[in-house]
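Ligands are counted one by one from 1 in listed order, and the atoms in each one are counted from 1 as well.
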Amino acid sequence: FASLYTPADKLNHKSLSAADLSYFESILPKSGIIQADLSSHNTDYIGIFKGESTLMLKPTNVEQVQAIIKYCKQERLPICPQGGNTGLVGGSVPVFDEIILNTSQMNNIFDFDENQGIVACQSGTILDALSNYAEERGFVVPLDLGAKGSCFIGGNISTNAGGNRFIRYKSLHETTIGLEVVTGNGDILNTMDYPSRKKAAIDFHHLFIGSEGTLGVITAAKIQLSPKPTSQNVAFLACNNFDDILKILGLARKFLGEILSAFEMMDKQSYNLVSAYIPRFKKPFEKSYGFYVLVETLGINQTHDKEKMEIFIENCMKMCALDGIVCRDLKQMLDLWNIRENCGPAAARAGYCFKFDISTPHALYYKTVEDVREIVGDDGITIGFGHIADCNLHINIAVPKEIAKNVGERVNNFLFEYLQKISGSVSAEHGIGLQKKDKLKYARTSEEIEIMRRIKKAYDPAGILNPYKVLTIK
Ligand code: FAD
């Protein structure tokens with residue numbers, strides 16, 4: 001990926017000067033201007049994208065963000081918005097010397113409506129902190145993902161993150177009910193205080209959900225929480241054919257209905273890597289199988305929910321499952337979630353790891369893994385797992401570092417055109433960022449991309465926000 005950009009691709013932005021620093025010193029406290037030790041903020045979570053920024057700004061409020069953006073627009077200084085820097089497509093780190101606008105000092109939870117279950121917070125609030133705040137008040141944040149201890153709600157909204165409980169709580173488009181954003185123009189858009197206003201004409205705030213910091217910087221959000229479930233049940237099932245996973249999904253929808261909260265499939269290659277590389281791995285079954293699925297319910301009546309889970313398991317065992325367990329206690333639940341959550345980390349420990357976050361129609365879901373496995377051959381270990389109910393598929397490939405470039409090129413040359421042919425998507429939930437910028441054309445039509453360009457020009461006419469990500473406007 002290092003070769004995605006060469007110095008010749010650097011856009012005609014201004015470089016940082018002493019006068020610019022003086023301006024930032026006039027609007028931010030000393031603690032908000034960081035020039036030393038920027039290495040971890042210049043490097044993405046996986047360690048493959050590295051920028052060269054020499055300045056990170058940490059504003060504490062919307063007025064400071066507005067002042068920064070207005071100044072940068074006037075001076076043509078590029079900005080890379082950054083949250084928890086857990087993004088997996090290189091969107092959160094600079095490519096060249098963009099100023100990092102880090103939201104970690106904007107972490108106040110400032111409003112809570114107990115009757116409606118609505119919380120308002122600044123965009124730098126860590127997802128886990130927001131979850132704890134909600135749970136103490138009898139609610140849950142409608143989003144749960146492996147990076148929750150580090151990612152920020154603003155980053156989640158900017159990437160339109162999906163996560164484990166998408167099947168239950170749906171997309172952030174549905175649960176983000178208001179946003180405060182500073183656009184690349186320096187305007188403050190606030191849809192938080194008057195939600196009813198959004199009903200008149202165009203509802204702007206959806207444009208910022210999933211726009212990966214290219215149109216504006218999200219400074220605060222209002223989120224619709226869900227009542228905290230008091231009953232949780234987890235089952236783990238095994239089968240040998242992928243078609244049986246789809247049958248189990250059908251049975252889960254039929255027998256678990258509204259309490260179904262997660263349906264996570266993994267193939268035997270994923271499971272085997274977790275068992276080899278993750279020390280806390282606990283074997284759920286004596287025998288080995290071709291496919292495994294973790295099924296979770298969240299509800300408010302343990303007797304009713306447990307009964308539903310038992311009927312579901314009974315039907316699965318009659319129809320297609322070869323083995324199945326329902327958890328007895330919290331520890332066993334954590335052990336089973338540990339298997340699913342460690343598929344990606346196990347692949348990363350097994351070698352140099354390529355991570356593909358894609359979606360495919362259900363009928364071709366596992367064929368896609370098999371076809372990629374054929375391209376990789378014996379050069380690496382190819383695993384497939386994911387939130388299959390939403391057609392999300394994670395293909396991870398662990399290869400020895402010496403041949404990584406070759407394998408990566410082979411898979412890249414194959415996979416994206418393949419996805420276009422089968423009406424899949426080049427990104428399921430991680431976004432486009434830098435990594436998939438040249439792949440957007442395989443998922444969206446040229447007309448759609450042209451409209452995105454016009455929207456980018458309208459919100460960020462100077463092209464200063466994340467100028468090298470998703471779309472570049474020259
Ligand atoms: P960053 O990584 O800092 O930024 C991500 C993008 O958003 C960048 O383009 C950045 O410029 C932009 N951005 C950040 N903050 C703002 C803001 N305030 N305003 C405007 N733009 C902004 N994703 C899923 O969807 N589902 C998963 O299940 C999932 N699991 C993950 C598990 C792990 C272990 C890891 C490391 C990542 C996972 N992700 C998952 C990736 C996911 O995109 C991020 O974890 C998260 O949503 C990004 O939040 P962040 O605060 O770290 O944003």
Side-chain angles (χ1 to χ4, degrees), residues 40-41 43-47 49 51 56 58-59 62 65 69 78-95 98-107 121-130 143-166 171-172 179-184 207-221 262 264 340-348 355 357 359 385-387 390 392 394 396 427-437 459-460 465-470:
S40 65
H41 294 277
T43 310
D44 80 311
Y45 182 85
I46 310 180
F49 297 105
M56 177 162 76
K58 291 169 128 190
V62 64
V65 174
I69 292 184
I79 295 172
C80 173
Q82 186 175 76
N85 197 14
T86 66
L88 297 174
V89 287
S92 53
V93 290
V95 172
E98 299 94 284
I99 296 169
I100 301 171
L101 196 161
N102 181 290
T103 57
S104 59
Q105 296 301 305
M106 301 202 294
N107 54 11
C121 64
Q122 286 185 296
S123 60
T125 306
I126 294 177
L127 179 58
D128 220 11
L130 192 60
L143 178 70
D144 183 30
L145 41 90
K148 65 186 166 197
S150 314
C151 61
F152 300 172
I153 192 71
N156 301 144
I157 295 170
S158 302
T159 53
N160 191 17
N164 300 332
R165 304 237 159 78
F166 188 98
S171 137
L172 282 166
L179 284 179
E180 178 189 73
V181 182
V182 183
T183 70
L207 281 174
F208 298 94
I209 303 173
S211 62
E212 301 181 60
T214 60
L215 304 180
V217 173
I218 297 171
T219 49
E264 298 291 316
R340 164 59 185 90
E341 292 203 323
N342 277 303
C343 294
K355 291 180 178 291
D357 154 63
S359 18
F385 59 95
H387 321 303
D390 319 306
N392 283 17
H394 297 304
N396 282 203
S427 163
E429 54 179 6
H430 295 163
I432 297 296
L434 178 58
Q435 184 180 4
K436 291 187 180 167
K437 190 180 164 190
Y459 281 96
D460 178 22
L465 289 180
N466 254 349
Y468 303 98
K469 322 287 170 56
V470 189

Give yes or no for whether the N/O distance cutoff of 3.5 Å, strictly under, is met between G84 and ligand 1.
yes

Using a strict 4.0 Å cut-off to heavy atoms of S158, name the atoms of ligand 1 that fall inside it.
7 (O), 12 (C), 13 (N), 16 (C), 17 (C), 19 (N), 20 (C), 21 (N), 22 (C)

Tell me, which protein residue and heavy-atom name are nearest atom 29 (C) of ligand 1, and how many Å apart are they?
L145 CB, 3.8 Å

When you compare ligand 1 with C80, is there at least one nitrogen or oxygen pair between them that comes in under 3.5 angstrom?
no

Does an N or O anywhere in N160 fall below 3.5 Å from an N or O of ligand 1?
no

Pair E429, H387: side-chain N/O donor-acceptor within cut-off below 3.5 Å:
yes

Which residue from K355, M106, H430 reaches closest to atom 39 (N) of ligand 1 through any of its heavy atoms?
H430

D144 side chain vs N164 backbone, donor-acceptor pair below 3.5 Å:
no

Is there a polar contact between ligand 1 and A161, counting only N or O atoms under 3.5 Å apart?
no

Report yes if N85 has an N/O atom closer than 3.5 Å to an N/O atom of ligand 1; otherwise report no.
yes

How does Y45 reach ligand 1, if at all, at less than 4.0 Å between non-hydrogen atoms: by side chain, backbone, both, or neither?
side chain

Is there any N or O on E429 that sits under 3.5 Å from an N or O of ligand 1?
yes

Between T214 and N466, does any side-chain donor sit less than 3.5 Å from a side-chain acceptor?
no

Is there a donor-acceptor pair under 3.5 Å between the side chain of E264 and the backbone N or O of R340?
no

Check whether any N or O atom of G87, backbone or side chain, sits under 3.5 Å from an N or O atom of ligand 1, and answer yes or no.
yes

Using a plain distance cutoff, I'd like to know if G83 has any nitrogen or oxygen under 3.5 Å from a nitrogen or oxygen of ligand 1.
yes

Would you find a donor on one side and an acceptor on the other, under 3.5 Å apart, between the side chain of T159 and the backbone of N156?
yes

Could you name the option among S104, P81, S123, G213 that has the heavy atom nearest to atom 11 (O) of ligand 1?
P81

heavy-atom search around atom 38 (C) of ligand 1 in the protein gives L88 CD1, 3.8 Å

Give the ring-plane orientation class for F208 versus Y459, where under 30° counts as parallel, over 60° as perpendicular and anything between as tilted.
perpendicular

Answer side chain, backbone, both or neither: which part of I218 comes under 4.0 Å from ligand 1, heavy atoms only.
both

Are any of the N or O atoms of T159 closer than 3.5 Å to those of ligand 1?
yes

Should the proximity of H387 to ligand 1, defined as any heavy atom under 4.0 Å, be assigned to the side chain, the backbone, both, or neither?
side chain

Counting only heavy atoms, which portion of N466 has something under 4.0 Å from ligand 1: side chain, backbone, both, or neither?
side chain

Ignoring hydrogens and geometry, is there a side-chain-to-backbone donor-acceptor pair from D390 to N392 under 3.5 Å?
no

re atom 53 (O) of ligand 1, the protein heavy-atom contact at minimum distance is G155 CA, 3.5 Å

I need the minimum non-hydrogen distance between G163 and L145, along with the two atoms involved.
CA-CB, 4.4 Å

Do me a favour and list the nearest non-hydrogen protein atom to atom 35 (C) of ligand 1 with residue, atom name and distance?
A147 CB, 3.5 Å

Looking at K469 and E212, is there a salt bridge between them, counting it only when a charged N and a carboxylate O are closer than 4.0 Å?
no

Within 4.0 Å of some non-hydrogen atom of T103, the atoms of ligand 1 are 18 (N)

Contact summary for S427 and S359, nearest pair of heavy atoms
O-OG, 4.1 Å

Is the side chain of K355 donor-acceptor paired with the backbone N or O of G344 at a distance under 3.5 Å, no angle test?
yes

Is a side-chain N or O of N85 found less than 3.5 angstrom from the main chain of S40, in a donor-acceptor match?
yes

Looking only at distances, can you tell me whether any N or O atom of D144, backbone or side chain, sits closer than 3.5 Å to an N or O atom of ligand 1?
no

For ligand 1, does T86 get within less than 4.0 Å through its side chain, its backbone, both, or neither, judged by non-hydrogen atoms?
both

